[in-house]
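Everything below concerns the one structure shown next.
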Amino acid sequence: MIEINNFNKSYYNFSHKKALFSVQDVSFKVTPGVISGLLGPNGSGKTTIMKAICGFHFPSEGTIFVSDRDGNKVNAAEHPELIPDLIGYVPEKSILPPDMYVKDFLDYAAAMHGLYGEEKHKSLEKVIEECSISDVTHKKIKTLSKGYLQRVSFAQSIIHNPPNLILDEPVSGLDPAQIIQMRKLIQKMSETKAVLMSTHLLQEVYSLCTNINIISNGKLVACGTEKEILAQTKCKNLEDSFMKLTADSKNE
């Protein structure tokens, strides 16, 4: 589980001599067995929230808790060194080492998570099969297509079988066939993990997400199922709800 409580992230603007908020007073939960969507326009604060969950930076105010496999909560700001073992992170843009072979890279990723011997071998076999990358394990990463890069990135994120998964625009730039494959993989992972997926594509929310968190201008403007959000906005579809909520937040 991932729990965000009154999360604020601000940066000091020396020109204006004051703190400016990039994300303000955001609270929501991501529970196991559910795909939660973080939906918002570009620049709305989605990536800021996800990187804070991963321990890449810390809240200016508020708390972020990430649960381990036994359900124990870990404060991401107080114990950032523990977070990499509790979360699998797939960034929007590939940050994989281009000159490494796929198999060697995954072997390295497994070792970084403390996997060795038979345990590492089994983990490698499992993620290679789950992510359908057996035909490229002998290739250098720089030769891979966008679709395979995403799958290899996904494989490294689950090599240590984390209880939580963070996906930042996971289908960005993929063709229709690759999108379908990625959706199936995400759905399979959600059976045993808490999954938070950021996107600005409503179609991905329709296809994958049970719970939806809509963020605009750094603020959480709606949270719940599609039915609950429609009731809140009194709109007939999610598209109209999204446009209404984001427009209202800009006028505040």
Side-chain angles (χ1 to χ4, degrees), residues 2 46-57 66 68-69 76 79-199 204 208:
I2 299 166
K46 301 188 301 295
T47 299
T48 297
I49 294 170
M50 298 184 116
K51 287 187 175 180
I53 295 171
C54 294
F56 296 159
H57 60 195
V66 180
D68 63 17
R69 293 167 185 83
H79 299 286
E81 75 282 1
L82 301 179
I83 300 302
D85 283 336
L86 307 182
I87 282 180
Y89 175 57
V90 181
E92 178 181 2
K93 295 182 180 179
S94 170
I95 53 174
L96 307 178
D99 288 314
M100 287 190 76
Y101 290 95
V102 171
K103 183 69 175 295
D104 291 343
F105 168 68
L106 293 177
D107 187 276
Y108 170 79
M112 288 298 96
H113 285 288
L115 302 179
Y116 297 98
E118 186 63 22
E119 184 181 16
K120 181 174 72 172
H121 177 71
K122 288 181 178 179
S123 294
L124 286 170
E125 285 190 335
K126 184 177 180 181
V127 299
I128 288 171
E129 180 183 356
E130 288 181 330
C131 298
S132 301
I133 55 174
S134 60
D135 51 342
V136 298
T137 54
H138 63 289
K139 293 184 177 182
K140 283 193 173 183
I141 289 173
K142 65 182 177 182
T143 68
L144 302 182
S145 66
K146 172 70 174 179
Y148 273 116
L149 282 173
Q150 281 292 84
R151 280 189 261 173
V152 172
S153 186
F154 211 111
Q156 66 80 26
S157 77
I158 60 174
I159 191 75
H160 56 303
N161 191 28
N164 307 283
L165 197 57
I166 303 292
L167 310 175
D168 194 355
E169 304 283 357
V171 301
S172 177
L174 301 186
D175 64 34
Q178 293 167 342
I179 288 174
I180 292 171
Q181 292 172 334
M182 187 58 66
R183 285 176 185 168
K184 290 181 179 178
L185 182 56
I186 294 170
Q187 288 170 332
K188 182 177 181 181
M189 292 298 106
S190 71
E191 294 174 2
T192 57
K193 305 179 190 301
V195 179
L196 177 63
M197 182 185 81
S198 83
T199 183
E204 293 313 301
L208 292 169

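Fair warning: this is a prediction, and the values are worked out from it, not measured in the lab.
With hydrogens and angles ignored, the 3.5 Å screen pairs no side-chain donor or acceptor of S153 with any backbone N or O of L149. Checked by atom type and distance alone, the side chain of N164 never pairs as donor or acceptor with a backbone atom of I87 at under 3.5 Å. Here the side chain of H160 pairs no donor or acceptor atom with the backbone of S123 at under 3.5 angstrom.
For the side chain to side chain donor-acceptor pair (under 3.5 Å) with H121, the lone residue among E125, E118, E119 that qualifies is E125.
For the 3.5 Å distance criterion, the side chains of D85 and H113 qualify, holding a donor opposite an acceptor. For the residue pair N161 / K193, a side-chain donor-acceptor distance below 3.5 Å is found, with atom types taken as modelled.
The structure places CG of L185 at 14.0 Å from CD1 of I180, a figure rounded to the nearest 0.5 Å. One finds the CD atom of E129 at 10.0 Å from the NZ atom of K126 (value rounded to the nearest 0.5 Å). Rounding to the nearest 0.5 angstrom, the gap separating the CG atom in L86 from the CG atom in D68 is 6.0 Å. Atoms CG and CD1, from D135 and I128 in turn, are 10.5 Å apart once rounded to the nearest 0.5 Å.
Put simply, the side chain of I133 reaches to within 4.5 Å of the side chain of L106, judged on heavy atoms. Annotation: side chain of Q156 is in contact with side chain of F105 (closest heavy-atom distance under 4.5 Å). Residues L167 and I186 are in side-chain contact: their nearest non-hydrogen atoms beyond the backbone lie under 4.5 Å apart. Residues M197 and P170 form a side-chain contact, since some pair of their non-hydrogen atoms from C-beta on lies under 4.5 Å apart. Under the 4.5 Å side-chain criterion, counting only non-hydrogen atoms from C-beta, Q150 is in contact with M182. Proximity of F154 to E130: side-chain heavy atoms (C-beta onward) are nowhere separated by under 4.5 Å. At least one side-chain heavy atom of Y89 sits under 4.5 Å from a side-chain heavy atom of C54. Under the 4.5 Å side-chain criterion, counting only non-hydrogen atoms from C-beta, V152 is not in contact with C131.
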Side chain to side chain contact (heavy atoms under 4.5 Å, CB included) assessment of Y101 paired with K139
CA-CA 5 Å; Y101 290 95; K139 293 184 177 182; 5.6 Å; no
Run K140 and T143 through side chain to side chain contact (heavy atoms under 4.5 Å, CB included) and show every step you take.
CA-CA 6 Å; K140 283 193 173 183; T143 68; 4.2 Å; yes
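Taking every heavy atom of both residues into account, V102 and V136 meet most closely at CG2-O, 3.3 Å. For the residue pair T48 and H57, the shortest heavy atom distance occurs at O-NE2, 2.9 Å. Minimum interatomic distance between L124 and I159 (heavy atoms only, all atoms of both residues): CD2-CD1, 3.8 Å. Closest of all the heavy-atom pairs between P162 and S157 is CG-O, 3.4 Å.
The cationic group of R151 lies under 6.0 Å from the six-membered ring centre of Y148 and within 45° of the ring axis, placing it in a cation-pi geometry.
More than 12 heavy-atom neighbours from other residues, nucleotides or ligands sit within 6.0 angstrom of CD on Q187. Enclosure of atom NZ in K146 by more than 12 non-hydrogen atoms of other residues, nucleotides or ligands within 6.0 angstrom is indicated. Within a 6.0 Å sphere centred on CZ of F56, heavy atoms belonging to other residues, nucleotides or ligands number more than 12.
Residue pairs meeting the salt bridge (charged side-chain N to carboxylate O under 4.0 Å, His left out) criterion with at least one partner in residues 161-187, sequence neighbours excluded, are R183-E204. Screening residues 96-114 for salt bridge (charged side-chain N to carboxylate O under 4.0 Å, His left out) gives D99-K142, D107-K120 as the qualifying pairs, with residues at least two apart or on separate chains.
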